[in-house]
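Structure first, commentary second.
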Amino acid sequence: MSENFSYLHTMLRVGNLDTSVKFYTGLLGMRELRRTEVPAGKYTLAFLGYGDEATHTVLELTYNWGVSSYEAGTAFGHLAIGVPDIHATCEKLRAAGAKITREPGPVKFGTTIIAFVEDPDGYKIELIECKPQ
C-alpha cells in the first residue's frame, strides 16, 4: 500500500513570515517556491526548499495573521540539513547573526559531525556534515 506514498513537506508555524523566509533563503540557501495568502482563513503559506516540490520534500511556513509567537512543544525535535563543510557553514551563519546552539562535533556515541542552529522562532535545525563524494 505505501509504495505509492511520498513525503511532501514539514510545516512550521512562524511569528514573522518575512523574517523566517529571509533566514531559510538567505542563510540556509533554500528558495521560496510559492506563497499563498488565504484572507478568509487569515493566514499565509510560504513553501521553501532546495528543489522542485515534485521531486523534493519542502518546508511549509505558516503565518497565522496577528500571531507573533508559539510554544514549540516538547514532541518536536528538529529539522536536518546536510552541508558539505559544517565548520564553514557555522561560521557563515554566525557572521550573519544566527544563533549556533551546538558547535560542530561528533554526535554522541558516533562519528557523524553535527551542529545545531536556531531559526528566528527558536526551531532547531541540525546541520549534518555530508562531504561530497
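This structure is a prediction, so every number in the text was calculated from the model and none was measured.
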request  = Find out whether L48 and T25 are in side-chain contact, i.e. whether some heavy atom of one side chain is under 4.5 Å from a heavy atom of the other.
outcome  = yes

request  = Answer yes or no: is there an ion pair linking E53 with R34, defined by an N-O contact shorter than 4.0 Å?
outcome  = yes

query = Could you state the interatomic distance from OG1 (T19) to CG (D119), rounded to the nearest 0.5 Å?
reply = 10.5 Å

ask   = Can we say R94 and E103 salt-bridge, meaning some charged N sits less than 4.0 Å from an Asp/Glu carboxylate O?
value = yes

request  = Would you please say whether a donor-acceptor pair under 3.5 Å links the side chains of Y70 and N64?
outcome  = yes

ask   = Going hydrophobic residue to hydrophobic residue with side-chain gaps under 4.5 angstrom, can you get from L27 over to I114?
value = no

ask   = Do the non-hydrogen side-chain atoms of I128 and V83 ever get within less than 4.5 Å of each other?
value = no

inquiry  = I need the minimum non-hydrogen distance between P104 and C90, along with the two atoms involved.
reply    = CG-SG, 3.7 Å

inquiry  = Would you say that Y123 contacts L79 through its side chain, given a criterion of any heavy-atom pair below 4.5 Å between the two side chains?
reply    = no

note = Rounded to the nearest 0.5 Å, the OG1 atom of T101 sits from the CD atom of E126 at a distance of 10.0 Å

query = Are I81 and M30 close enough that some pair of their side-chain heavy atoms sits under 4.5 Å apart?
reply = yes

message = Quick check: do T57 and Y50 have side-chain heavy atoms less than 4.5 Å from each other?
response = no

ask   = Does some side-chain heavy atom of L28 sit less than 4.5 Å from a side-chain heavy atom of T89?
value = no

query = In terms of hydrophobic clusters joined by side-chain contacts under 4.5 Å, are F116 and I100 together?
reply = no

ask   = Is it the case that one hydrophobic cluster holds both F23 and F76, taking links as side-chain heavy atoms less than 4.5 Å apart, direct or via other members?
value = yes

ask   = Going by heavy atoms in the side chains, are T112 and E129 under 4.5 Å from each other?
value = no

task = Go through the steps to decide whether V117 and R102 satisfy the test side-chain contact (heavy atoms from CB on, under 4.5 Å), and finish with yes or no.
result = CA-CA 7 Å; V117 62; R102 183 199 192 273; over 6 Å; no

remark   = Smallest heavy-atom separation, I86 atom then A115 atom, equals CD1-N, 3.4 Å

request  = Rounded to the nearest 0.5 Å, what's the gap from NZ on K42 to CD on E37? Could you check?
outcome  = 13.5 Å

ask   = Does the side chain of S69 come under 3.5 Å of the side chain of D121 through a donor N or O and an acceptor N or O?
value = no

query = Hey, does S20 have a side-chain heavy atom less than 4.5 Å from the side chain of Y63?
reply = no

inquiry  = Checking one residue: L45. Which other hydrophobic residues are in its cluster under the side-chain 4.5 Å linking rule?
reply    = L33, V38, Y43, F47, V58

inquiry  = For the backbone of L61 and the side chain of R13, can you confirm whether one donor and one acceptor N or O come within less than 3.5 Å of each other?
reply    = no

query = Hey, are E60 and T62 close enough side-chain-wise for a donor-acceptor pair under 3.5 Å?
reply = yes

